[in-house]
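All remarks here apply to the structure that follows.
Lettering of chains follows the sequences in order, A, B, ..., and the numbering in each one begins at 1. What you see is a predicted model; the values in this text were computed from it and never measured.
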Amino acid sequence: MSSNQGNLGAFNFKVVLLGEGCVGKTSVVLRYIEDKFNDKHISTIQASFLTKKLNISGKRINLAIWDTAGQERFHALGPIYYRDSHGAILVYDITDEDSFQKVKNWVKELRKMLGTRVCVCIAGNKADLERDRVVSREEASRYAESVGAKHYDTSAKQNHGIEEMFLDLSQRMVEVAEQNEQGQAQLRPSGSTVQVIDDSEKPEKTGCCS
Amino acid sequence: MAAPKIVQIRSGATKQVDGYGFLKEPDFDDKEHADYVKRYLPILVNRRKKWDALLQKQQLPLSKNDLTKRYIRKGIPQVYRRLVWMDVSGAQRLKESHRGRYKALLASSLSKEVVHAIKVDLSRTFTHNVYFGSSPDGLRLPLFNVLGAFASAHPDVGYCQGLNYVAGLLLLVTRCEEDTFWLLEALRENILPSRYYAADLFGVLVDMEVLGYLIGNKVPRVHAHFKKQGIAWNLLVTRWHVCLYADVLPVETVLRIWDCLFYEGSKVLFRVGIALVKLGEEKILGSNDLFAITESMKETCTGPAVLDCHAFIRRSLEIADPLSGKTIASLRGRVGEDVEKFRGLRGRRCGGFTDLYLGNPLDPRS
């Protein structure tokens with residue numbers, strides 16, 4: 001799993017959103033990419049992909065964001081969704097305790113399959129429904145910390161916490177990638193060839209296989 | 001659950017809504033659509049006359065022969081669809097041999113989880129269709145009833161996302177929730193392979209791989225391109241298989257596919273898949289990453305060549321001809337074994353078996 005850092009310094013990261021059905025994964029992505037919120041939701045049956053370009057202190061970052069189906073049986077398609085991910089956002093609904101338990105299952109599966117290389121964020125979504133909250137913020141934050149993840153309260157509806165979460169995740173993915181680079185550089189014999197990756201600017205694309 | 005209910009649907013398209021109640025999308029191409037309607041309308045009129053004559057001569061059940069097959073491939077008129085689907089799929093026989101079963105299922109209790117899963121999807125089904133809005137006399141309650149009854153009848157299946165689209169479109173056509181239920185039963189009993197919508201989606205997984213294999217045979221350049229790009233085929237076609245093309249292709253095209261599906265069986269699903277890939281071949285070959293490829297496929301699925309359902313069906317049947325039921329059955333058997341085998345390995349393999357025909361293909365020539 002490499003960060004595919006091209007010779008021009010752009011990082012290419014894959015980020016996957018996972019979580020139970022109807023917690024708002026698609027809404028979180030749509031808010032982040034298109035700054036939209038649609039009351040007419042549709043269920044995601046098949047993964048869809050969107051991209052976003054970022055610039056953090058002069059470092060160019062291309063995010064490929066994978067939105068996935070929430071219903072458990074679609075996990076039979078499993079690893080293709082999160083394979084080679086650099087980051088994962090595990091989403092739950094703050095008004096639904098079960099959805100928080102599902103996040104814990106995802107943490108276990110990701111750690112087992114991808115180890116600690118993957119940067120994890122946990123998003124307590126639907127923060128606009130604070131009155132109906134059943135998952136305690138403190139408990140969720142503590143849990144996140146205990147598994148090396150970062151917790152965010154988010155509301156796709158009110159555009160709260162989402163930009164910040166993706167930004168933080170991107171920064172952490174850069175750090176991990178740079179550490180890997182350094183590790184590899186120490187191992188690399190001097191005078192080794194530099195791989196040139198075509199990194200021409202492409203227009204922002206969105207895609208979904210419907 | 002409430003008693004079964006028959007919802008009357010007004011027919012007739014308007015400027016904003018098509019004949020099935022679907023709101024026209026913002027990117028709706030009036031000109032393209034008008035061209036297609038102009039070509040298709042005389043065909044519809046002609047088919048209606050032929051079917052009127054056929055059903056005057058013979059009563060249901062229709063006998064299975066080349067004439068029936070030809071008539072069905074050319075499209076069942078909307079007025080006869082419910083009756084003919086019920087007949088040729090075996091749903092009518094199931095209904096008659098299990099009198100009272102649907103009502104009994106409605107009265108049986110469902111687990112909290114299943115009710116929740118279905119309810120969550122009710123407001124997420126065909127959000128662009130006027131009959132699936134929040135109005136109390138719409139189709140949400142009938143849809144809940146059908147999906148609930150199906151889950152009660154098959155606790156091992158429960159509710160599988162995607163069935164909401166299949167049942168939803170069946171409701172729009174049949175306007176009868178009990179018949180919709182029996183058509184779902186017929187799909188499960190007679191038409192789709194076993195364990196299709198099972199909790200592990202086994203049948204869907206197998207069929208996705210079978211389609212991948214057939215693409216290797218019939219559209220080898222695309223197969224090679226996917227392999228070169230390292231793109232897992234499954235990512236692109238899950239909805240094709242799970243929704244039986246509902247909410248993937250234009251409505252009229254889906255109904256024409258289902259005409260064949262109910263009469264000839266699930267083979268047509270592969271024919272359509274091959275035809276779609278063949279149609280999009282040049283665009284796919286010109287796309288060099290997952291994003292571009294998914295966009296190409298999406299464009300193909302909603303493009304004019306697919307909207308023109310009459311020509312598209314003919315094309316689908318011609319492109320993949322011959323494709324025998326025996327071939328499909330034997331492929332499903334072989335692939336099924338592989339899927340089981342790879343599933344066993346999955347704990348240790350990050351990639352899983354989904355790259356079966358990309359990383360380790362069966363030789364298409366064998």
Problem set entry | Region of B:Tyr159 in contact with chain A, defined by heavy-atom distances below 4.5 Å | both

Problem set entry | Criterion side-chain contact (heavy atoms from CB on, under 4.5 Å) on B:Val242 and B:Tyr197, from CA distance to verdict | CA-CA 8 Å; B:Val242 173; B:Tyr197 289 111; 4.2 Å; yes

Problem set entry | Residues B:Lys278 and B:Glu281 bridged, charged N to O under 4.0 Å | yes

Seminar exercise, completed: chain B shares the most heavy-atom pairs under 4.5 Å, among A:Gly21, A:Cys22, A:Ala69, with A:Cys22

Exercise. Which distance, rounded to the nearest 0.5 Å, do you find between the NZ of A:Lys25 and the OG of A:Ser43?
Worked result: 10.0 Å

Exercise. Could A:Lys102 and A:Tyr92 be counted as a cation-pi pair, given that NZ or CZ must be under 6.0 Å from the ring centre and within 45° of the axis?
Worked result: no

Exercise. Checking heavy atoms, do the side chain of B:Cys243, its backbone, both or neither come under 4.5 Å from chain A?
Worked result: side chain

